[in-house]
*Asks:* 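Before we start, here is the structure in question, set down as structure tokens.
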Amino acid sequence: LEPKGKVDLTRYTEKHAFVFDEVFDENDTNEDIYERAAKPLVDTVFDKGSATCFAYGQTGSGKTFTMMGKEEQSVGIYIQAARDIYERLEPHQKIVVSFFE
């Protein structure tokens with residue numbers, strides 16, 4: 001529920017419904033998250049589709065760690081996806097990738 005004020009300043013509450021493909025917690029490793037959430041997107045790309053991986057969560061909840069990893073602790077989703085994509089590319093294929101953080 002999200003309380004808001006109308007233009008005429010009448011107070012009302014707006015209801016929202018959210019749907020998630022996956023929800024992860026502190027017990028899931030970057031490898032678990034990649035396998036369940038991002039690796040299927042690599043398959044989509046090779047089936048001539050487009051894919052977006054979006055991490056959402058509270059500040060300090062581990063989004064950057066999950067996406068980027070940490071040198072000696074865990075490989076991030078970006079590196080895992082890049083590895084799988086480049087392993088599957090044929091010499092005549094090319095790929096376009098955009099990145100935003």
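Predicted, not measured: the structure shown is a model, and the values here were computed from it.
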*Asks:* Do any N or O atoms from the side chain of Asp28 and from the backbone of Asp25 form a donor-acceptor pair under 3.5 angstrom?
*Replies:*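 Between the backbone of Asp25 and the side chain of Asp28 there is a qualifying donor-acceptor contact (under 3.5 Å).
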
*Asks:* Please verify the inter-ring angle class for Phe54 with Tyr56; under 30° counts as parallel, over 60° as perpendicular, anything in between as tilted.
*Replies:*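 It falls in the parallel class, under 30°.
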
*Asks:* Within a reach of under 6.0 Å around NZ of Lys39, are more than 12 heavy atoms found that belong to other residues, nucleotides or ligands?
*Replies:*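 Open.
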
*Asks:* Kindly give the heavy-atom pair with the smallest separation between Ala37 and Phe24, and that separation in Å.
*Replies:*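 What the structure gives for the nearest pair is CB-CZ, 3.9 Å.
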
*Asks:* Is Gln58 atom CD crowded by more than 12 heavy atoms from other residues, nucleotides or ligands, each under 6.0 Å away?
*Replies:*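 No - once you tally the heavy atoms of other residues, nucleotides and ligands closer than 6.0 Å, there are 12 at most.
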
*Asks:* Just wondering, are more than 12 heavy atoms of other shown residues or ligands nearer than 6.0 Å to CD1 in Ile85?
*Replies:*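 Yes.
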
*Asks:* Heavy-atom distance under 4.5 Å between the side chains of Glu31 and Ser74, does that happen here?
*Replies:*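 They are in contact (side-chain heavy atoms under 4.5 Å apart), so the answer is yes.
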
*Asks:* Work out which heavy atom in Leu41 is nearest to a heavy atom in Ala51; give both atom names and the distance.
*Replies:*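 For Leu41 and Ala51, the tightest heavy-atom pair comes out as CB-CB, 3.7 Å.
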
*Asks:* Going by distance alone, is a donor N or O of one side chain under 3.5 Å from an acceptor N or O of the other, for Asp32 and Thr29?
*Replies:*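 Yes - a donor-acceptor pair under 3.5 Å links their side chains.
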
*Asks:* Cluster question for you: counting only ILVMFWY and a side-chain heavy-atom cut-off of under 4.5 Å, with indirect links fine, are Phe18 and Val23 together?
*Replies:*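 Linked within one cluster.
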
*Asks:* When rounded to the nearest 0.5 angstrom, what distance separates CG in Leu1 from NE2 in His16?
*Replies:*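 Reported to 0.5 Å precision, the distance equals 8.5 Å.
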
*Asks:* Is a donor on one side and an acceptor on the other found under 3.5 Å between the side chain of Asn30 and the backbone of Gly69?
*Replies:*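 No; zero donor-acceptor contacts below 3.5 Å.
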
*Asks:* How far apart are the closest heavy atoms of Tyr86 and Ile95, and which atoms are they?
*Replies:*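 Shortest heavy-atom contact: OH-CG2, 4.1 Å.
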
*Asks:* Is Arg36 salt-bridged to Asp21, going by a charged N under 4.0 Å from an acidic O?
*Replies:*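 No, no charged N to carboxylate O under 4.0 Å.
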
*Asks:* Applying side-chain contact (heavy atoms from CB on, under 4.5 Å), run through Tyr78 and Thr66 and close with a yes or a no.
*Replies:* CA-CA 9 Å; Tyr78 294 140; Thr66 300; over 6 Å; no

*Asks:* What's the spacing between Ile79 CD1 and Met68 CE if we round to 0.5 Å?
*Replies:*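 Ile79 atom CD1 to Met68 atom CE measures 7.5 Å (nearest 0.5 Å).
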
*Asks:* Look at the side-chain heavy atoms of Ile, Leu, Val, Met, Phe, Trp and Tyr, link any pair under 4.5 Å apart, and say whether Leu89 and Val45 land in one connected group.
*Replies:*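 Yes, it is one cluster - the side chains of Leu89 and Val45 are joined through contacts under 4.5 Å.
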
*Asks:* Side chains of Cys53 and Met67, heavy atoms from C-beta outward: is any pair under 4.5 Å?
*Replies:*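 The answer is yes, as the side chains (C-beta and beyond) meet within the 4.5 Å cut-off.
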
*Asks:* Is a side-chain donor or acceptor of Gln80 paired with a backbone partner of Val75 at a separation under 3.5 angstrom?
*Replies:*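 Judged by distance alone, yes, a pair lies under 3.5 Å.
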
*Asks:* Taking the side chain from Lys63 and the backbone from Gly57, do they hold a donor-acceptor pair closer than 3.5 Å?
*Replies:*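 Indeed, once roles are kept as given, a pair shorter than 3.5 Å links the two residues.
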
